[in-house]
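The structure under discussion appears below in the form of structure tokens.
The chains referred to below are lettered A, B, ... by the order of the sequence lines, with proteins before strands, and numbering in each begins at 1. Scope of the values below: all heavy atoms of this structure, side chains included, with no hydrogens, waters or symmetry mates.
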2 protein chains.
Amino acid sequence: MADKNHELRDKGLRLTPQRQLVLEAVRALGHATPEEVAEKVRATHPGINLSTVYRNLETLENVGLVQHTHLGHGGATYHAAEELTHLHLVCGKCGSVGDAPIETAAPFVNTLIDEYGFKTDVTHFAIYGTCANCTAKS
Amino acid sequence: MADKNHELRDKGLRLTPQRQLVLEAVRALGHATPEEVAEKVRATHPGINLSTVYRNLETLENVGLVQHTHLGHGGATYHAAEELTHLHLVCGKCGSVGDAPIETAAPFVNTLIDEYGFKTDVTHFAIYGTCANCTAKS
DNA sequence: TTTTTCCTGCAAGTTATTTGCAACTCGCAT
DNA sequence: ATGCGAGTTGCAAATAACTTGCAGGAAAAA
Ligand SMILES: [Mn+2]
Ligand SMILES: [Mn+2]
Ligand SMILES: [Zn+2]
Ligand SMILES: [Zn+2]
């Protein structure tokens with residue numbers, strides 16, 4: 001950290017404290033809802049407004065630094081872009097979220113391209129089902 | 001249709017006009033949001049309340065007559081259970097929803113069972129990506 | 001510095017869905 | 001047939017999750 005953080009300015013964005021904090025929070029949290037991001041940021045900077053968080057998540061997504069995913073029936077959760085290298089296996093019974101490497105889906109993705117010309121982004125929506133644990137119990 | 005429709009009573013549910021209408025609407029519409037179901041039902045029965053539609057969709061889902069799916073960032077859409085035999089390929093650019101047979105995903109589903117013991121329901125969330133049409137244009 | 005443009009907080013507005021509750025009605029038991 | 005009680009309904013109000021308008025404030029260009 002010799003000089004100022006340029007990764008935001010390089011994307012043509014202004015470097016505001018709020019924006020940096022939102023990005024740091026997303027990176028620190030892994031999967032996070034806007035509400036959770038706000039909470040994290042407020043731990044050190046109580047004044048930040050929730051709408052600022054929403055706006056910055058959108059802005060950061062537009063320039064490719066973060067991405068959203070749908071893990072459940074409700075709202076989206078955010079990831080740092082670098083970190084989106086896994087599938088999300090969401091269990092409908094217990095709510096657990098497991099990970100699996102994206103390569104697991106590679107053959108499936110290829111089939112969709114070959115047969116339908118459809119380019120899948122397998123991380124955008126979760127893979128929904130029942131986890132091993134819950135299957136065992138029932 | 002010799003005697004009364006028993007499929008609802010067989011599930012332990014009361015046979016109310018509203019409930020039958022909701023089920024018929026879901027069957028007639030293919031993919032439908034609660035709002036669209038309400039609209040369809042109101043074409044013949046204007047008095048029906050939206051909350052009644054929501055409650056009946058939930059009830060019908062509990063007994064397995066309908067199921068919901070997430071096709072986009074927003075709310076759920078409902079299908080008749082018998083009819084849920086395809087994947088939904090949702091294009092993030094143009095919003096189109098294409099279908100593909102579930103068998104397309106069979107190898108992928110098997111991999112997840114074998115490697116993680118995870119039983120996937122591939123129809124619950126859409127498969128998100130970019131359709132052939134939109135890929136061609138860009 | 002000054003100016004321009006972007007960003008932020010705050011309040012109000014949406015949209016989608018849920019809930020409390022009193023009135024009603026379906027289906028079973030007289 | 002008639003009555004009863006649990007399940008359902010309509011309606012209004014409440015939530016939840018965002019989104020928007022706007023006026024003041026801060027970042028970067030000039
Ligand atoms: Mn769902
Ligand atoms: Mn999305
Ligand atoms: Zn589970
Ligand atoms: Zn498309």
Side-chain angles (χ1 to χ4, degrees), chain A residues 3-26 31-42 44-63 65-66 68-78, chain B residues 3-26 31-42 44-63 65-78 95:
Chain A
D3 58 359
K4 286 284 177 57
N5 175 3
H6 276 208
E7 81 184 308
L8 290 170
R9 278 199 281 252
D10 289 350
K11 301 286 187 176
L13 299 179
R14 276 192 195 170
L15 191 52
T16 68
Q18 292 89 335
R19 188 161 287 162
Q20 291 176 83
L21 288 163
V22 167
L23 179 53
E24 282 163 23
V26 170
H31 304 136
T33 62
E35 198 71 52
E36 290 165 340
V37 171
E39 204 176 314
K40 174 84 176 174
V41 170
R42 285 180 185 140
T44 56
H45 295 71
I48 199 167
N49 192 275
L50 186 55
S51 64
T52 299
V53 172
Y54 274 101
R55 285 190 278 227
N56 276 319
L57 286 171
E58 187 180 353
T59 302
L60 293 171
E61 185 160 32
N62 286 337
V63 300
L65 289 170
V66 308
H68 77 267
T69 312
H70 303 277
L71 297 185
H73 309 193
T77 63
Y78 288 80
Chain B
D3 59 357
K4 286 284 178 59
N5 175 2
H6 276 208
E7 82 183 307
L8 290 170
R9 277 201 280 249
D10 288 350
K11 300 287 187 177
L13 299 178
R14 275 195 195 169
L15 192 51
T16 69
Q18 292 89 334
R19 189 162 285 162
Q20 290 176 85
L21 288 162
V22 167
L23 180 53
E24 282 163 22
V26 171
H31 304 136
T33 62
E35 198 72 52
E36 290 165 338
V37 170
E39 204 176 315
K40 174 84 175 175
V41 170
R42 284 181 185 140
T44 55
H45 296 72
I48 199 168
N49 193 274
L50 187 54
S51 64
T52 299
V53 172
Y54 273 100
R55 286 190 275 228
N56 275 318
L57 287 171
E58 187 180 353
T59 302
L60 293 170
E61 186 160 32
N62 286 337
V63 299
L65 289 169
V66 309
Q67 270 181 55
H68 76 267
T69 312
H70 303 277
L71 297 184
H73 309 194
T77 63
Y78 288 80

Looking at CD of B/Gln18 and OG1 of B/Thr16, how far apart are the two atoms once the value is rounded to the nearest 0.5 Å?
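Answer for the CD-OG1 pair, B/Gln18 versus B/Thr16, is 4.5 Å.
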Is there a side chain to side chain contact (heavy atoms under 4.5 Å, CB included) between A/Val63 and A/Leu8 once you walk through the steps?
CA-CA 9 Å; A/Val63 300; A/Leu8 290 170; 5.8 Å; no
Give the rounded distance in Å between these two atoms: [atom1] of [X] and [atom2] of [N].
| X | N | atom1 | atom2 | answer |
| --- | --- | --- | --- | --- |
| A/Glu35 | D/dT15 | CD | P | 16 Å |
| A/Leu8 | C/dC7 | CG | P | 10 Å |
| B/Gln18 | C/dC26 | CD | C1' | 11 Å |
| A/Leu60 | C/dC7 | CG | P | 11 Å |
| B/Arg42 | D/dT9 | CZ | C1' | 13 Å |
| B/Asn49 | C/dT19 | CG | P | 15 Å |
| B/Arg19 | D/dG7 | CZ | C1' | 8 Å |
| A/His68 | D/dC18 | NE2 | C1' | 13 Å |

Give one of base, sugar-phosphate or nothing for A/Gly74, where a contact means two heavy atoms less than 4.0 Å apart.
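Nothing, no nucleic acid heavy atom in range.
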Determine, stepwise, if the pair B/Gln20 / B/Leu23 fulfils side chain to side chain contact (heavy atoms under 4.5 Å, CB included).
CA-CA 5 Å; B/Gln20 290 176 85; B/Leu23 180 53; 5.8 Å; no
Given D/dG10, D/dT9, D/dA27, which nucleotide is nearest the side-chain atoms of A/Thr16?
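Between D/dG10, D/dT9, D/dA27, the one nearest the side chain of A/Thr16 would be D/dA27.
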Side-chain donor or acceptor of B/Arg14 under 3.5 Å from a matching atom on the base of D/dA6?
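Flag set: donor-acceptor pair detected.
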Starting at the 5' end of DNA chain C, which residue's closest nucleotide do you reach first, A/Pro17 or B/Pro34?
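Its nearest nucleotide lies further toward 5', so the answer is A/Pro17.
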Go nucleotide by nucleotide along DNA chain D from the 5' end; which of B/Leu13 and A/Ala76 gets its closest nucleotide reached first?
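Per heavy-atom nearest nucleotide, the more 5' residue is B/Leu13.
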Would you jot down, in residue-number order, the residues of residues 50-59 of chain B having a non-hydrogen atom under 4.0 Å from DNA chain D?
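Going residue by residue through residues 50-59 of chain B, the ones with a heavy atom under 4.0 Å of DNA chain D turn out to be B/Ser51, B/Thr52, B/Arg55, B/Asn56.
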Can you list everything that forms a side chain to side chain contact (heavy atoms under 4.5 Å, CB included) with B/Glu39? Sequence neighbours excluded, please.
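Side chain to side chain contact (heavy atoms under 4.5 Å, CB included) list for B/Glu39, sorted by chain: empty.
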Which residues satisfy the side chain to side chain contact (heavy atoms under 4.5 Å, CB included) test with A/Asn49, sequence neighbours excluded?
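For A/Asn49, the residues satisfying side chain to side chain contact (heavy atoms under 4.5 Å, CB included) (neighbours in sequence not counted) are A/Ser51, A/Thr52.
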B/Glu61 side chain to B/His68 backbone, donor-acceptor under 3.5 Å
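Judged by distance alone, yes, a pair lies under 3.5 Å.
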So A/Val53 and A/Glu36, side chain to side chain contact (heavy atoms under 4.5 Å, CB included) or not? Walk me through it.
CA-CA 10 Å; A/Val53 172; A/Glu36 290 165 340; over 6 Å; no
